[in-house]
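Hydrogens, waters and symmetry mates are skipped; everything else that's a heavy atom, side chains included, is used. From a predicted model like this one, the values you see are computed outputs, not experimental measurements.
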Amino acid sequence: QVQLVESGGGSVQAGGSLRLSCAASGRIFSINVMRWFRQAPGKQREWVADIFNDGSANYVDSVKGRFTIARDNAKNTMYLQMSSLKPEDTAVYYCNAPYITTMGGGVVLDTWGQGTLVTVSS
């Protein structure tokens, strides 16, 4: 089956940087859009950024100019380069693919990774 696995989380001081990765595996033919979400302690999960297979990207206002989303379609991998991190960026970061087309012509909807924790200290 299709699986998303995040990596790259950790602890960093304010102003620092981290790069998250999300690797998709399985019999994947194509992934139209891939998304990053995050969930801070005691808060609802929020959308952070997304990227389409043509490279076009969107960001939530709070991370614009600090985070950069990218993807390698050949590797079915998405990245989130996070810079100028703030304590309010502390959260579990999840990757999501709302629509995956498989090699057999099937469709897998709304796939989520297990999450990776990012902690930013002041």
Side-chain angles (χ1 to χ4, degrees):
Q1 295 294 336
V2 174
Q3 188 177 16
L4 299 179
V5 178
E6 302 96 336
S7 61
S11 297
V12 65
Q13 289 192 326
S17 299
L18 281 174
R19 189 177 84 149
L20 306 183
S21 299
C22 169
S25 61
R27 298 184 70 247
I28 297 170
F29 177 73
S30 68
I31 306 175
N32 181 29
V33 58
M34 300 183 76
R35 294 174 172 154
W36 286 103
F37 286 78
R38 65 185 179 186
Q39 188 165 19
K43 295 188 177 181
Q44 289 188 329
R45 190 172 298 188
E46 70 166 348
W47 168 78
V48 175
D50 56 31
I51 185 166
F52 290 78
N53 54 12
D54 65 357
S56 59
N58 302 285
Y59 301 89
V60 68
D61 286 347
S62 60
V63 308
K64 284 181 180 177
R66 301 187 298 120
F67 291 10
T68 302
I69 191 171
R71 64 188 286 177
D72 183 334
N73 291 331
K75 296 181 179 179
N76 287 323
T77 300
M78 173 178 65
Y79 306 96
L80 187 67
Q81 178 66 48
M82 306 185 294
S83 302
S84 301
L85 283 161
K86 303 175 181 180
E88 52 263 43
D89 294 317
T90 294
V92 177
Y93 284 72
Y94 299 90
C95 64
N96 167 259
Y99 189 95
I100 297 175
T101 304
T102 65
M103 291 293 189
V107 171
V108 179
L109 299 176
D110 205 26
T111 304
W112 290 86
Q114 83 289 350
T116 187
L117 177 64
V118 172
T119 303
V120 184
S121 58
S122 57

- Do Trp112 side-chain atoms and Gln114 backbone N/O form a donor-acceptor pair below 3.5 Å? no
- Note on the structure: One should read off an interatomic distance between Phe52 CZ and Arg35 CZ, to the nearest 0.5 angstrom, of 6.0 Å
- Trp36 and side chain to side chain contact (heavy atoms under 4.5 Å, CB included): which partner among Val60, Asn96, Ile51, Leu20? Leu20
- Within-4.5 Å side-chain heavy-atom neighbours: Val118 and Met82: yes
- Counting distance only, does the side-chain N/O of Tyr59 pair as donor-acceptor with the main-chain N or O of Ile69 below 3.5 Å? yes
- Query: What's the spacing between Thr116 OG1 and Arg38 CZ if we round to 0.5 Å?
  - Reply: 14.0 Å
- Give the minimum heavy-atom separation between Ser84 and Ser17, together with the two atoms involved. N-OG, 4.4 Å
- Hey, is Lys64 close enough to Asp61 for a salt bridge, meaning N to O under 4.0 Å? yes
- Note on the structure: So CG of Asp50 and OG of Ser56: to nearest 0.5 Å the spacing works out to 8.0 Å
- To the nearest 0.5 Å, tell me how far Leu85 CG sits from Gln13 CD. 11.5 Å
- What is the distance from atom OG1 of Thr111 to atom CE of Met34, rounded to the nearest 0.5 Å? 9.5 Å
- Message: To the nearest 0.5 Å, what is the distance between OG on Ser25 and CD on Gln1?
- Response: 10.5 Å
- Query: side chain to side chain contact (heavy atoms under 4.5 Å, CB included) with Pro98: which of Ile31, Asn32, Val33?
  - Reply: Val33
- Message: Less than 4.5 Å apart, side chain to side chain, heavy atoms only: is that true for Tyr94 and Gln39?
- Response: yes
- What are the two closest non-hydrogen atoms of Asn53 and Arg71, and how far apart are they? N-NH1, 3.3 Å
